[in-house]
Amino acid sequence: MDNFNCWYQSIENSNNKYPIEEILYRCPETNSLLEVTHDLEALAKYDSKYWKDLFDSRYRKQNWPYGSGVWGKKEWVVPFIKDENIVSMYEGGTNLFWAERYGAQVGVEDLWIKMCGNSHTGSFKDLGMTVLVSAVKQLISNGKNISAVACASTGDTSAALSAYCAAAGIKSIVFLPKNKVSVAQLVQPLANGATVLSIDSDFDGCMKIVQKVCEEKNIYLANSINSLRIEGQKTISIELCQQFNWEIPDWVIIPGGNLGNISALGKGFLMLRDLGLIKKLPRLVCAQAENANPLYLSYLNNFENFESVKAKTTLANAIQIGDPVSVKKAIKILKEFDGIVEQASEDELASSTAKVDLTGTFNCPHTGVAITAFEKLVKKNVIKKNDKVVIISTAHGLKFVDSKIDYHLGNLSDISSTFSNLPIDVDNSIDKVLSVLDKHL
Ligand SMILES: *Cc1c(COP(=O)(O)O)cnc(C)c1O
């Protein structure tokens with residue numbers, strides 16, 4: 001195999017390049033974020049047919065690790081990782097669900113939901129974490145002194161980090177905002193043996209602490225400020241085009257909090273275009289919870305300025321972020337993709353989640369935010385009836401059963417449980433059961 005190369009590059013000055021096997025989170029000169037940049041010339045020696053055939057030949061096969069949706073695209077992701085250092089749990093390869101019944105209700109028939117939560121730890125975070133933990137394993141085998149890997153998390157990052165670290169035998173430390181993550185999110189790092197620090201703060205507060213801790217100790221930082229994760233997550237775009245037999249959707253809608261994933265999505269499409277696998281770009285929509293909407297506010301201002309906000313409580317707790325780390329990357333991507341930012345109130349997101357569940361999905365509240373954005377854009381006639389639309393579902397609904405059951409029980413203040421469905425208590429009697437069923441058939 002050729003020597004495909006990548007390196008770290010400052011997002012503000014493309015002359016600032018650094019070796020990929022250094023431990024770096026920010027550009028030492030400008031302090032800006034870094035991105036992993038690939039030697040596109042070397043990759044372009046092979047034509048688009050070569051790459052499509054290669055990716056298709058590996059997709060969802062058992063030839064470890066290339067059956068993984070991430071490692072099947074290894075040459076485009078992190079070619080420098082040796083196979084023996086790869087820590088993979090068969091991430092990616094998730095269902096691209098044709099939302100036929102829901103789409104018909106809205107009048108958009110070419111509507112698809114990419115179920116990124118159908119994954120080892122139940123969210124798309126696995127896509128990035130397999131790359132990051134594999135890189136750490138390689139750094140350690142190269143003799144770097146790394147005692148543990150740490151992250152601040154709104155729940156899903158810590159679940160992914162602790163699972164991949166446990167699989168690799170590397171110590172993990174997670175910083176969680178106290179009482180702000182679901183039980184399902186808390187139990188995963190506990191079960192996987194992470195050191196779990198419950199901090200009396202919010203995500204933004206935990207983020208400040210973990211960055212400081214990683215500076216002080218030889219602990220590796222796993223938050224999405226770390227550009228390696230973006231490389232794994234960008235395979236979402238590659239995979240969904242592949243699932244459409246390399247046809248491009250008109251729209252991709254994704255919920256955004258720290259804004260790494262919208263940046264990753266765009267990066268994947270740009271690479272597909274630059275290497276000739278697709279000819280045009282979709283339009284991207286980033287959907288935020290109204291209670292944590294700094295990007296939306298900036299969008300209203302044509303991105304002329306950006307101000308962080310104090311994030312308020314939202315059912316979409318994984319995007320309860322007021323000071324997103326990847327905002328510059330996200331704005332750059334949104335400009336390039338003629339992007340839109342929409343927002344959803346608590347009532348809207350809860351209602352969207354429940355409504356679409358009634359057509360066979362089992363959505364997380366973040367997906368509900370994206371669904372609300374979709375409906376708003378259809379109503380405004382921005383998204384047209386014949387457009388091909390993909391909604392990115394970011395986590396499995398089973399991680400959010402507490403808020404989903406509260407919705408159905410009508411326990412959420414200020415939220416109308418319009419689509420509530422409750423169990424019916426019936427006496428232990430055939431006649432009673434039959435008479436109840438008469439009312440429901
Ligand atoms: C992390 C996460 C998001 C937000 O992704 P960002 O990269 O932080 O914008 C959305 N939904 C779920 C379920 C997540 O875990």
Side-chain angles (χ1 to χ4, degrees), residues 89-91 94-95 113-130 133 150-167 172-199 201-203 206 222-224 233 255 257-258 261 289 291-292 311 313-321 346 349-350 352-354 356-357 360-371 392-409 411-412 415 417 420-421 423:
M89 297 199 267
Y90 205 71
E91 42 292 315
T94 52
N95 183 18
I113 304 180
K114 176 72 171 146
M115 309 295 286
C116 294
N118 294 357
S119 180
H120 187 80
T121 72
S123 85
F124 75 84
K125 298 291 198 295
D126 291 349
L127 301 169
M129 215 48 92
T130 182
V133 174
C151 73
S153 175
T154 51
D156 293 329
T157 302
S158 55
L161 177 66
S162 51
Y164 282 88
C165 280
S172 65
I173 306 170
V174 308
F175 294 74
L176 295 175
K178 195 174 188 142
N179 300 330
K180 290 194 179 74
V181 303
S182 74
V183 175
Q185 288 172 321
L186 177 63
V187 75
Q188 289 181 298
L190 292 175
N192 288 135
T195 301
V196 179
L197 302 178
S198 183
I199 311 279
S201 178
D202 58 5
F203 171 81
C206 291
N223 279 97
S224 63
Q233 290 171 209
N258 225 357
N261 213 22
N291 282 355
T313 303
T314 165
L315 293 173
N317 68 8
I319 56 175
Q320 188 176 325
I321 295 174
E346 294 303 293
L349 74 88
S352 295
T353 307
V356 180
D357 280 357
T361 56
F362 193 67
N363 290 295
C364 74
H366 322 84
T367 307
V369 173
I371 292 164
I392 306 291
S393 175
T394 46
H396 200 293
L398 282 173
K399 286 189 136 185
F400 299 90
V401 284
D402 332 18
S403 65
K404 287 173 84 78
I405 197 75
D406 278 342
Y407 174 87
H408 288 283
L409 292 170
N411 285 346
L412 302 170
I415 287 175
S417 295
S420 163
N421 187 24

Inset, instruction - Please test Glu91 against Met129 for side chain to side chain contact (heavy atoms under 4.5 Å, CB included), starting from the C-alpha separation and ending with a verdict. - result: CA-CA 10 Å; Glu91 42 292 315; Met129 215 48 92; over 6 Å; no
Inset, instruction - State, with a plain yes or no, whether a side-chain heavy atom of Ile319 is found less than 4.5 Å away from one of Thr154. - result: no
Inset, instruction - Check step by step if side chain to side chain contact (heavy atoms under 4.5 Å, CB included) holds for Tyr90 and His120. - result: CA-CA 8 Å; Tyr90 205 71; His120 187 80; over 6 Å; no
Inset, instruction - Rounded to the nearest 0.5 Å, what's the gap from CG on Leu398 to CG on Asn118? Could you check? - result: 9.5 Å
Inset, instruction - Could you tell me the separation between the OG atom of Ser420 and the CD1 atom of Ile415, rounded to the nearest 0.5 Å? - result: 12.5 Å
Inset, instruction - State which residue, out of Thr157, Asp156, Thr121, fulfils the side chain to side chain donor-acceptor pair (under 3.5 Å) condition with Gln185. - result: Asp156
Inset, instruction - May I ask you to test the Ser162-Ser172 pair for a side-chain heavy-atom distance under 4.5 Å? - result: yes
Inset, instruction - For Phe400, check ring pair (Phe, Tyr, Trp, His ring centres under 6.0 Å) against everything at least two apart and list the hits. - result: His366
Legend entry - Check: Asn223 side chain, Ala152 main-chain N or O, donor-acceptor pair, under 3.5 Å: yes
Inset, instruction - Would you check if Phe203 and Gln320 make a side-chain contact, meaning some heavy-atom pair closer than 4.5 Å? - result: no
Legend entry - Which atom of Ala292 lies closest to which atom of Ala311, heavy atoms considered: CB-CB, 3.9 Å
Legend entry - Heavy-atom check, side chain of Pro189 versus side chain of Ser158, under 4.5 Å: yes
Legend entry - Distance under 6.0 Å and angle within 45° of ring axis: Lys125 vs Tyr164: no
Legend entry - Partners meeting side-chain contact (heavy atoms from CB on, under 4.5 Å) with Asp402 (sequence neighbours left out): Ser182, Val183
Legend entry - side-chain hydrogen bond (donor to acceptor under 3.5 Å, both in side chains) between Asn363 and Thr353, worked out: CA-CA 6 Å; Asn363 290 295; Thr353 307; over 6 Å; no
Acceptor/donor pairs from residues 191-198 side chains to any protein atom, 3.5 angstrom cut, sequence neighbours excluded:
from   : atom 1 : to     : atom 2 : distance (Å)
Thr195 : OG1    : Lys171 : NZ     : 3.1

Inset, instruction - Enter the distance from His396:NE2 to Ser123:OG here, rounded to the nearest 0.5 Å. - result: 11.5 Å
Legend entry - Test: Asp202 and Lys180 ion pair at under 4.0 Å: no
Inset, instruction - Could you grab the distance from atom SG of Cys151 to atom CD1 of Ile173, nearest 0.5 Å is fine? - result: 10.0 Å
Legend entry - Min side-chain heavy-atom separation Lys178-Ile199 under 4.5 Å: no
Legend entry - Side chain Lys114, main chain Thr94, donor-acceptor under 3.5 Å: yes
Legend entry - Nearest-0.5 Å distance, CG of residue Asp406 to CG of residue Leu315: 8.5 Å
Legend entry - Interatomic spacing from CG in Leu412 to CD1 in Ile405 - rounded to 0.5 Å: 10.5 Å
Legend entry - Side chain proximity check, Ile113 to Val356, heavy atoms < 4.5 angstrom: yes
Legend entry - Step-by-step side chain to side chain contact (heavy atoms under 4.5 Å, CB included) determination, Leu176 to Leu186: CA-CA 8 Å; Leu176 295 175; Leu186 177 63; 3.7 Å; yes
Legend entry - Side chains of Ser403 and Pro365 in contact at under 4.5 Å (non-hydrogen atoms): yes
Legend entry - Worked check of side chain to side chain contact (heavy atoms under 4.5 Å, CB included) between Thr394 and Cys364: CA-CA 8 Å; Thr394 46; Cys364 74; 3.9 Å; yes
Legend entry - Test item: Thr313 and Asn291 side chains (from C-beta on) under 4.5 Å apart, heavy atoms: no
